[in-house]
Engineer: 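Handing you a structure now.
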Amino acid sequence: MRWYDQKRPVLRTFIRYAVAVGSVGVVTLLTALLQPIVDSYALFFAAVAFTTFVAGAGPGLLSVALCTIAIDHYFIAPNGPFALSAGGYLRLAVFTLLASLVSWLTSARKKAERSLEHLNTDLEARVLERTRELANSKKVLEEEVQERWSAQEQLREKAALLDLTHDAVIVRDLNDRILFWNRGAEETYGYAADQALGAISHVLLKTVFPAPFEHITAELLHTGRWTGELTHTRKDGLTTVAASRWALRTDTQNKAIGVLEINYDMTERKKTEEMLRHTQSELAHATRVMVMGELVSTITHEVNQPLCAIVTNGNACARWLRTPTPDLARAQEALQRIIRDSNRASNVIARIRAFVRKTDGHTETLSIRDLIEDVLLVLVDDAQRSRIRIETRFGADLPDVLGDRVQLQQVVLNLMMNAFDAMRATEAKSRSLCVQADVHDNGGVLVTLEDSGTGIPPENVGRIFEPFFTTKTAGLGMGLSICRTIIRNHGGEIQVTSNPGRGATFYFSLPGAAVESAPHLTSAQ
Amino acid sequence: MEAGKIIAIVDDDDSVRESLTGLMQSVGLAVHSYASAEDYVHSGQVHETACAVLDIRLPGMSGLELQRALGRSGSVPVIFISAHADEKTRAEALAGGAIDLLPKPFSEEKLLTALTLALEQSTGLTPRLF
């Protein structure tokens, strides 16, 4: 930076021109002093060059003018301004010309130096700027890289999360080519990711669709979603059943780009359900067998009693007639008893036939009273053996109910046999079961079975109808669960109350046959 | 009627009771019949019984329990009758000293054979029942 390159431009200009005046003054003085030794104007050139170089072109020209005046005044024509000879003018003109040339050359050189200087400064600034730009773009690039890296990291984390689920997660493009295959999919289907990626998903898994594939695709494209049950074939050839959820993947312009498919393997659940259904069916069968067992016992007893009486009466009758003086009156009595007991046996057979009448899945109008009495007929023997007193109370004007005879018999039989079991542990004298049927508030029938057994502990009352809940060592705990299923299928409800130590009371309701909402019967099995 | 010649019938089935009473009367036997073991035990007739014909399954005290009770209070021959006796019950009855266990319905011949044996045991005489 130049010394005059101050902030105040007026002062700077003044100083520049002062340099011109000062330098010319100094040179004039030196020339006058040196004149006796060196007669030359050479120093004036130096003043012009110096001024022009230091202070610029303007002050340079001023110095030329001042030098011309000084030479003219002091050294050429001391007698007055420009009172010169022709030689004097020439010398002065040559000087002015040469001085101007010196000033111009100096100024030009100075200018060149300046512009070079500017050029330098400019270049430096540009380099600086470019460096800054480069630094910026480097930073931007770094940020971008960082961003991408963290996005990738997030993706990786998400993929790791997807590997935690046991569901098969599959991403495929619109041509069903597999793009993503998580660990759940590997485990479910047996194909490793590198085997599955790129394959056509429903070809790889031999997918069986519940509807035509075009319909499914149409729904997916229309609603963005599809759910349904699919059957797949694993790598080892086994088939699996999956609850499948599909979601359409779209890009930022909302254009479909692929499908995300999540499959929940239901094979195990299906198997369990199947087993449960099978067990229930077996149990229902077992219940029927139990009913048949009871029935055989009842037939044996109920038919053999009158048969025994008939045979014995017949023998007696024959004897009264065989004697030398036949006792016709006693023979007649015996015959009357034979007729009576034959009718009794016949009635027993008729009732048992009504009980076992094939009514599988058959809905009919039933008298709940007849139904209960039929079951009691089966159980009366067991009751006697267990010394249980059975009391029945039937309300007046009981409506008929609509239902499956065999299923409802099963319910009554099951509840009664449970009551018997509960009472066997109590004192024989007080064992009693009261079976009651009344008109329900809703116009149906309410059946109440009150026993004097051990009752149900309060903590078990809420669970007693759950499948596999049992307190018996021999029981499977399905009886009451089946009862509830049957009653609910008939549109009724079953409940229990208990006073531990003083017995339990089971209630079940059934809608009347006339009620509009006919029960929808489904098999209890 | 001679003491010790009465036949006691214990069966809760009216028809069976009536028919047995009739048959035994037709062969000249004196009969008392009871609807339960308790009725019989409290009748005061136990000591006059030459033979007890008992149903196995009775309300209250069962036939087998009555047999044990009779065994303690002297020796009354017992014939069991049952509408559905199994082998186990039969074995228990015979082990307790019963003459026989007749499944209902039974023939006149079987009943009278058992009665003859029972009366021989209790009276020492062979009755003519056939």
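Quick note on labels: first sequence line is chain A, next is B, and so on, each numbered from 1. The structure presented is a predicted model; accordingly, all values stated were derived computationally and were not measured.
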Engineer: Can you check whether B:Gly60's main-chain N or O pairs, donor with acceptor, with A:Arg387's side chain at less than 3.5 Å?
Structural biologist: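 Between the backbone of B:Gly60 and the side chain of A:Arg387 there is a qualifying donor-acceptor contact (under 3.5 Å).
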Engineer: In sequence, state the C-alpha distance, the side-chain angles, and the governing distance for B:Glu18 and A:Glu333, and then conclude on side chain to side chain contact (heavy atoms under 4.5 Å, CB included).
Structural biologist: CA-CA 10 Å; B:Glu18 279 171 19; A:Glu333 276 175 34; over 6 Å; no
Engineer: For a 4.5 angstrom cut-off between non-hydrogen side-chain atoms, does B:Asp12 reach A:Gln384?
Structural biologist: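 B:Asp12 reaches A:Gln384 side chain to side chain.
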Engineer: Any donor-acceptor pair under 3.5 Å linking the side-chain atoms of B:Ser15 with those of A:Arg337?
Structural biologist: no
Engineer: Apply side chain to side chain contact (heavy atoms under 4.5 Å, CB included) to residues B:Glu108 and A:Thr312 and explain how you reach the verdict.
Structural biologist: CA-CA 7 Å; B:Glu108 179 192 60; A:Thr312 307; over 6 Å; no
Engineer: State, to 0.1 Å, how close A:Ala316 and B:Gly22 come at their nearest heavy-atom pair, and which atoms those are.
Structural biologist: CB-C, 3.9 Å
Engineer: Is B:Leu112 close to chain A through its backbone or its side chain, or both, or neither, when contacts mean heavy atoms under 4.5 Å?
Structural biologist: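 Just its side chain gets close to chain A.
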Engineer: Check whether more than 12 heavy atoms from other residues, nucleotides or ligands sit under 6.0 Å from atom CD of B:Glu109, and answer yes or no.
Structural biologist: no
Engineer: Would you please go through residues 301-308 of chain A and name the residues with a non-hydrogen atom below 4.5 Å from one of chain B, in numerical order?
Structural biologist: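 Residues in range: A:His301, A:Asn304, A:Gln305, A:Leu307, A:Cys308.
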Engineer: Does anything in residues 32-42 of chain B form a salt bridge (Lys or Arg N to Asp or Glu O under 4.0 Å)? List the pairs, not counting sequence neighbours.
Structural biologist: none
Engineer: Between A:Asp341 and chain B, with a heavy-atom cut-off of 4.5 Å, which part of the residue counts as in contact: side chain, backbone, both or neither?
Structural biologist: side chain
Engineer: Do other residues, nucleotides or ligands put more than 12 heavy atoms under 6.0 Å from the CZ atom of A:Arg424?
Structural biologist: yes
Engineer: For B:Arg90, does the CZ atom sit with more than 12 other heavy atoms under 6.0 Å from it, leaving out its own atoms?
Structural biologist: yes
Engineer: Can you give me the closest heavy-atom contact between B:Pro105 and A:Val311, atom names plus distance?
Structural biologist: CB-CG2, 4.1 Å
